[in-house]
Structure formats: structure tokens, C-alpha cells
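First the structure, in the form of C-alpha cells, and then the observations on it.
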Amino acid sequence: MDSSIFSLHPSSPLILSLAASCPNSTCSLGLSSPSGSFSFGPRHLDFSSVSRRLMAAPSPAASDNKATTANGGVGNGLFKPKIVNGDYGYVLEDVPHLTDYLPNLPTHSNPLQDNPAYSVVKQYFVDVDDTVPQRIVVHKDSPRGVHFRRAGPRQKVYFDSDEVQACIVTCGGLCPGLNTVIREIVSTLYSMYGVRKVLGIDGGYRGFYARNTIDLTLKVVNDIHKRGGTILGTSRGGHDTKKIVDSIEDRGINQVCEKLFVDQMGINQVYIIGGDGTQKGAALIYEEVRRRGLKVVVAGIPKTIDNDIPVIDKSFGFDTAVEEAQRAINAAHVEAESGENGIGLVKLMGRYSGFIAMYATLASRDVDCCLIPESPFFLKGEGGLLEFVEKRLKESGHMVIVVAEGAGQELISETKSMTDASGNKLLQDVGLWLSQNIKDHLKAQKMPINLKYIDPTYMIRAIPSNASDNVYCTLLAQSCVHGAMAGYTGYTSGLVNGRQTYIPFYRIIETQNKVVITDRMWARLLSSTNQPSFMCPKLVAEKRKEMQMATEAQPSGQLMDDGNTGADKKAANKEVRA
């Protein structure tokens with residue numbers, strides 16, 4: 001065994017306590033390198049008496065990082081983000097690597113170079129300098145902007161196949177494609193890297209300290225992509241960082257210790273599949289793992305059926321959700337046009353973001369009105385929703401309304417809101433509330449109606465992923481495994497401008513992706529449905545003010561979210577209308 005496995009900086013306060021716990025007769029303590037770091041003789045070290053203190057002490061790299069902490073880090077902000085600046089405004093928001101706090105780790109040749117399936121690929125390995133820009137619409141004098149590290153296999157890996165024991169956990173609500181991601185992580189580890197030890201954590205984060213595990217083999221996961229849900233089970237909440245990492249450590253997953261206790265080799269790659277709340281938990285796990293100096297990769301795959309995770313192009317399962325939502329809209333349209341003054345009302349998912357409702361509406365072309373959380377509306381009075389419904393029925397004799405579950409919540413109830421185990425606000429049923437208000441209004445107008453309310457929420461999220469999402473899930477899973485084997489950690493694997501990338505946790509959890517109602521996509525929807533904005537003059541003035549403040553905060557040459565510059569926005573603001 002290599003005596004350099006345990007090394008401590010001379011300034012570490014742990015030196016004296018370790019020396020006191022380790023008499024000269026059983027432990028040798030001396031200089032092991034020109035830098036003056038201390039090493040412990042491997043043959044005589046009584047590890048059982050000091051292991052807990054060694055694991056609890058931050059590594060030198062972690063201590064140094066903590067001393068120079070900057071705002072904007074992940075989780076509790078213990079570690080400074082890795083920002084690399086280059087020429088012409090180039091910025092790389094890099095992801096952490098195991099060698100940031102465990103220097104001099106051995107490397108191995110990537111097993112893929114001997115895999116016959118990839119021998120025909122001209123350049124399969126990704127260059128270490130490859131990055132992907134966050135924005136691709138630029139002007140001739142624009143800075144190069146923010147980039148992320150490109151995902152893919154590297155020529156050198158930091159894990160030997162025999163030492164890897166990976167685990168997979170799914171958290172939060174269901175989403176099409178969960179089983180596909182699980183299957184492809186297992187398949188990639190087995191088929192590409194020769195890993196034979198993969199565990200599934202049963203029941204979400206709680207499963208870590210409940211010690212519920214499922215052995216995942218190629219046979220077990222062979223056809224799970226054809227089923228909805230997740231074979232691992234899931235739950236909301238239950239995140240206790242200390243308990244989770246204690247469980248990881250108790251299983252022997254610290255790779256420094258694993259070399260001493262070869263019969264207790266445990267998990268060293270943790271794959272966490274979940275939404276923004278789950279990724280926040282993953283960021284905390286990564287920070288604690290790094291603080292303890294464990295050779296454990298913590299990697300995330302973003303899962304949200306609402307598509308509300310920022311930076312990435314889209315989340316897996318979103319295409320399937322939009323496709324299935326159209327079925328409900330088609331049924332609502334048939335019901336509406338078959339009866340006198342027929343109204344088909346469909347409630348779709350979208351707690352804070354209305355992407356499913358917006359894209360399903362655009363794809364359907366049968367919708368007369370789409371309501372989302374980002375676009376406030378009011379019911380009564382001139383320009384209100386009820387007036388529009390009455391007018392459309394008189395013109396067409398029927399109509400279809402699509403409403404996201406988070407729309408209009410401020411109108412339904414002013415009582416104190418409650419939250420679920422994940423901290424999400426418990427929503428009132430906007431569909432039932434809207435149905436009753438429409439019925440009451442048209443009854444007062446003496447207009448007979450036939451209103452059908454359809455809520456396909458749980459049908460949509462429980463189905464298997466479609467062909468498009470299956471391919472996407474495969475790419476996400478393979479990219480995530482490639483990154484873990486290459487030693488990257490504290491990252492989420494995601495698609496940015498059509499390229500697979502590694503994104504640091506803090507970028508994924510810092511905000512939510514929402515529909516921009518001043519953008520062209522929302523304008524396309526309004527053009528399709530011919531609905532008004534439903535925004536009262538006060539709200540119009542507030543939106544104008546928000547746009548003006550956002551424009552003034554941007555330099556005149558800097559690109560905005562929709563590809564225009566600040567100067568373009570200032571000119572456009574003059575033309576904003578209600």
C-alpha cells in the first residue's frame with residue numbers, strides 16, 4: 001500500500017491530536033515530501049482510534065477554499081466557484097474536480113479505448129479544453145460570454161472499474177423518463193466502463209439512512225424504460241445532509257479509507273435524479289463530502305416535468321408531457337364543439353412555470369385561451385377573462401381553455417399558504433375555481449353552457465417517455481457517467497444549446513426558469529389564440545417598469561435573454577402596449 005494515502009498539511013491542527021493518539025511504538029510520523037507534509041506509516045497505524053477525527057477534519061484544499069469563500073457558492077457557500085477568465089470576455093464557469101481537494105490521485109486509461117463498439121469513432125474522447133457557450137446569438141462586437149465544460153468521455157479516468165460502487169437515487173415527483181435514465185446509467189457503467197457494483201437507493205433521500213437498497217444489474221433494468229414511474233421509488237423531503245453523508249461514510253465510501261479496508265469498499269459515485277429542490281440537496285451533499293475529504297463523486301441529472309430548471313435547454317420528460325397534454329386538449333375540443341356553448345377546460349402542470357401549457361397550446365392550435373402563472377389575469381370587468389369567454393362563445397359557439405395549475409393562485413385564496421415536504425406551496429385547484437366562476441357568470445347572463453373540466457395531471461406524469469425523451473435520457477445518463485469517471489463532481493449534466501455540458505450546482509439552483517411574457521414565444525401564443533393579455537392598466541405599468549429596470553441594468557452592448565442588446569430593448573420599450 002502507498003504510504004502517501006494519508007497526508008496532512010503541517011499547519012493542520014489535527015497533527016498534534018493524531019500524534020497523541022498514535023504512540024511511537026505503533027505509528028511512524030515523518031516528513032514524506034519536500035513540501036513538508038506528514039504521512040503515517042501504513043503498517044503500524046492504529047486507524048480505528050483516529051479515523052473519525054480524520055474524516056471530520058477538512059482537507060487542506062477544503063480549508064484553504066473555505067478561507068477564501070466568495071458569495072455565489074453552492075449550498076451554504078463553503079467553497080468558491082471555479083471561474084476561469086479568458087480573452088475577449090471569455091468566462092468558463094467550471095465544475096469541481098476531485099483533485100481540487102485530493103491532489104495526486106492516480107489516473108487510469110479509459111476502458112472505452114478498447115471497446116470495439118467505439119473503435120470506428122474518429123474522435124470519441126472530448127478535448128479537455130472543449131467548452132460550450134451559454135448564448136449563441138452574438139453581435140460582431142459582443143464578448144464571448146459564459147461557457148460551460150463540454151460533457152463526454154476523457155482519455156484518463158480517476159476510478160478503476162473494479163473499485164467503483166455507484167448508487168442512484170430518484171427524488172420528488174414522478175416524470176416520464178425516470179426509468180430510462182436509471183437504465184442508461186446502469187448500462188453505461190456496465191457496458192462502457194466494466195463496473196459491476198451499482199445500487200439503487202429506495203425511496204428518495206430517506207433511503208440513504210434507512211439503508212434500503214436494490215442491486216441494479218443489466219438484467220434488472222433491461223426493460224424498465226417501457227414503464228412509467230421509477231423502480232427505485234421516490235419521496236419528497238427527508239433530506240438530512242449529515243445523516244446521508246454519515247451513511248455514505250459508514251458504508252466505507254471514502255476512497256482513502258477503502259484502500260485500508262478492501263473488504264468494505266463502498267459507494268464512490270452518487271447519481272441524484274431530481275428537480276431544483278433535489279439538486280439543492282445534492283449541492284449540500286457535495287459540500288459535506290468535500291469538507292470531509294472523501295473520494296466520492298456527487299453528480300445530478302435534472303428532472304422537472306415543468307421545465308423550470310434554468311440554464312439547460314429543456315428537462316427530460318418535457319416533450320412527453322407536451323405530447324400527452326395534447327391528447328387532453330383534443331378531447332376537450334371534441335367535447336366543446338359537440339355541445340351548445342361548449343367549453344373544454346384543461347388543467348395542466350406548471351406550479352411556477354407555464355411551459356407545458358404554452359407549448360401544448362402552440363402545438364394544438366385548438367386553444368382559445370391559455371393561462372399561466374407568469375401572466376396575471378383578472379376575472380371581472382372590462383378586459384377581464386369572463387368578458388372574453390362570453391364574447392368568444394357568442395362568436396364561435398364553443399371554446400377551449402388551458403390553465404396551468406399555478407395560474408391565478410393569488411385570486412383564489414388569501415389565507416396563509418401551506419407547503420409540502422419539499423417546501424413547495426400547496427396549490428388550490430384553479431380548474432374547479434375557474435369552472436365555477438365561469439358557470440356563475442354565464443348563468444347571470446342567462447347563457448346556457450356545457451362545460452367539461454379535464455385534469456390529466458397524474459396521467460401525464462406517470463406514462464413512459466416517448467422516443468424523443470428516451471434518446472435525450474440516454475445522452476444525459478451517459479454524459480453524467482463520463483463526468484463521474486473523469487473525476488468531476490458537484491455538477492449537473494444538462495443540454496445547453498444542443499450540446500451536453502457539465503453545469504455547477506449553484507447555477508442550477510440559483511433561480512427558476514420561467515416563461516418570459518415579453519418574449520416572442522409568448523407573442524406567438526397570443527397570436528395563435530387571439531386572446532387579450534388580461535392585464536389591468538396597473539399591471540401593464542408594473543411590467544413596463546420591470547422591463548425598463550432590467551434594460552437599464554444591462555450594458556448597451558450586452559445580449560439579453562432573447563438575443564437582443566440593451567440598446568435594442570430600450571428602443572423596443574417605447575413600443576410596449578397593453
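Computed from a prediction, not measured in an experiment: that's the story for all the values here. Sequence positions, counted from 1, serve as the residue numbers for this chain.
- Atom CD1 of I301 is separated from atom CG of L476 by 6.0 Å, given to the nearest 0.5 angstrom.
- Taking all atoms of both residues into account, the shortest heavy-atom contact from A404 to G350 is CB-O, 3.8 Å.
- Within the 4.5 Å cutoff, no side-chain heavy atoms of Y286 are placed close to those of V270.
- Distance alone, capped at 3.5 Å, is enough to place a donor-acceptor pair between the N341 side chain and the P448 backbone.
- The two residues S493 and C480 come nearest to each other via the heavy atoms OG-N, 3.8 Å.
- Interatomic distance, Y453 OH to S435 OG, rounded to the nearest 0.5 Å: 6.5 Å.
- A distance-only check finds no donor-acceptor pair linking the side chain of Y271 to the backbone of V298 [under 3.5 Å].
- With S528 contributing its side chain and R524 its backbone, the two residues share no donor-acceptor pair below 3.5 Å.
- Atoms CZ and CZ, on R236 and R206 in that order, are 11.5 Å from each other to the nearest 0.5 Å.
- K514 and D308 are not joined by a salt bridge, as no carboxylate oxygen comes within less than 4.0 angstrom of a charged side-chain nitrogen.
- The backbone N or O of R183 sits less than 3.5 Å from a side-chain atom of S187, completing a donor-acceptor pair.
- For the pair S142 (side chain) and H139 (backbone), a donor-acceptor distance under 3.5 Å is present.
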Practice item. Might you work through the side chain to side chain contact (heavy atoms under 4.5 Å, CB included) test for Y90 and D87, ending with a clear yes or no? Key: CA-CA 6 Å; Y90 173 90; D87 295 334; 6.0 Å; no
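- Around atom CE of M447, more than 12 heavy atoms belonging to other residues, nucleotides or ligands sit under 6.0 Å away.
- Shown here for A325 and L348, the closest heavy-atom pair between the two residues is CB-CD2, 3.7 Å.
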Practice item. Kindly determine whether R392 and N530 satisfy side chain to side chain contact (heavy atoms under 4.5 Å, CB included), including the steps that lead there. Key: CA-CA 10 Å; R392 183 56 59 92; N530 291 315; 3.8 Å; yes
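- Between P302 and I312, some side-chain heavy-atom pair lies under the 4.5 Å cut-off.
- The distance from atom CE of M399 to atom CG of L393, rounded to the nearest 0.5 Å, is 6.0 Å.
- Counting only residues at least two apart or in different chains, salt bridge (Lys or Arg N to Asp or Glu O under 4.0 Å) contacts with residues 335-350 comprise K347-D429, K347-D455.
- A donor-acceptor pair is defined here as one N or O able to donate and one able to accept, closer than 3.5 Å; no such pair exists between the side chain of T489 and the backbone of P96.
- In this structure the side chain of H239 reaches within 4.5 angstrom of the side chain of I244, judged on heavy atoms.
- In this structure, K314 is positioned above the aromatic face of Y472, its NZ or CZ under 6.0 Å from the six-membered ring centre and within 45° of the axis.
- The two residues L178 and G229 come nearest to each other via the heavy atoms CB-O, 3.5 Å.
- In this structure, I305 and A321 approach most closely via the heavy-atom pair CG1-CB, 3.7 Å.
- For R150 and T501, the side-chain atoms include no donor-acceptor pair closer than 3.5 Å.
- The shortest distance between side-chain heavy atoms of I182 and N179 falls below 4.5 Å.
- The closest donor-acceptor contact from the side chain of T529 to the backbone of L525 lies under 3.5 Å.
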Exercise for review: Give the C-alpha distance, both sets of side-chain angles, the deciding distance and a yes or no for salt bridge (Lys or Arg N to Asp or Glu O under 4.0 Å) between E93 and K82.
Suggested key: CA-CA 6 Å; E93 296 199 18; K82 293 177 66 176; over 6 Å; no
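- A donor and an acceptor atom, one from each side chain of T492 and Y502, are nowhere located under 3.5 Å apart.
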Point to revise | Test log, rule side chain to side chain contact (heavy atoms under 4.5 Å, CB included), inputs V402 and I329 | key: CA-CA 8 Å; V402 170; I329 294 174; 3.8 Å; yes
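- Counting heavy atoms from C-beta outward, I224 and R227 have side chains that approach closer than 4.5 Å.
- Distance CD1/I508 to NZ/K280: 12.0 Å, rounded to 0.5 Å.
- For the residue pair H147/Q134, the side-chain donor-acceptor check at 3.5 Å is not satisfied.
- Side chain of N307 to backbone of S315: a donor-acceptor contact under 3.5 angstrom is found.
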Please report, to 0.1 Å, the donor-acceptor pairs under 3.5 Å made by any side chain of residues 377-389, with sequence neighbours excluded.
unit_1	atom_1	unit_2	atom_2	d
E387	OE1	G383	N	2.9

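- Heavy-atom minimum distance, V95 versus I503: CG1-C, 3.7 Å.
- Looking at D276 and T304, their side chains never come closer than 4.5 Å, going by heavy atoms from C-beta outward.
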Practice item. Could you walk me through whether W522 and S375 pass the side chain to side chain contact (heavy atoms under 4.5 Å, CB included) test, one step at a time? Key: CA-CA 10 Å; W522 184 246; S375 181; 4.0 Å; yes
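- A salt bridge is absent between E405 and R351; no separation between the charged side-chain nitrogens and carboxylate oxygens falls under 4.0 Å.
- Between the side chains of D306 and S353, no donor-acceptor pair is found at a separation under 3.5 Å.
- Checked by atom type, the side-chain pair N470/S465 shows a donor-acceptor distance below 3.5 Å.
- With no hydrogens or angles considered, no side-chain donor-acceptor pair links E374 and Y352 at under 3.5 Å.
- Inter-residue side-chain proximity for I201 and L232 is flagged as unmet; no heavy-atom pair is nearer than 4.5 Å.
- When atom types are taken as modelled, the side chain of K303 and the backbone of I272 share no donor-acceptor pair closer than 3.5 angstrom.
- Considering only heavy atoms from C-beta on, V367 stays 4.5 Å or farther from I401 through its side chain.
- For the pair S235 (side chain) and G203 (backbone), a donor-acceptor distance under 3.5 Å is present.
- Remark: the Q326 side chain and the N330 side chain contain no N/O donor-acceptor pair separated by less than 3.5 Å.
- Counting only residues at least two apart or in different chains, ring pair (Phe, Tyr, Trp, His ring centres under 6.0 Å) contacts with residues 300-338 comprise F318-Y359, H333-H398.
- Residues T234 and T170 bring no donor and acceptor atom of their side chains to less than 3.5 Å of each other.
- We find the CD1-OG1 distance between I273 and T278 to be 10.0 Å, quoted to the nearest 0.5 Å.
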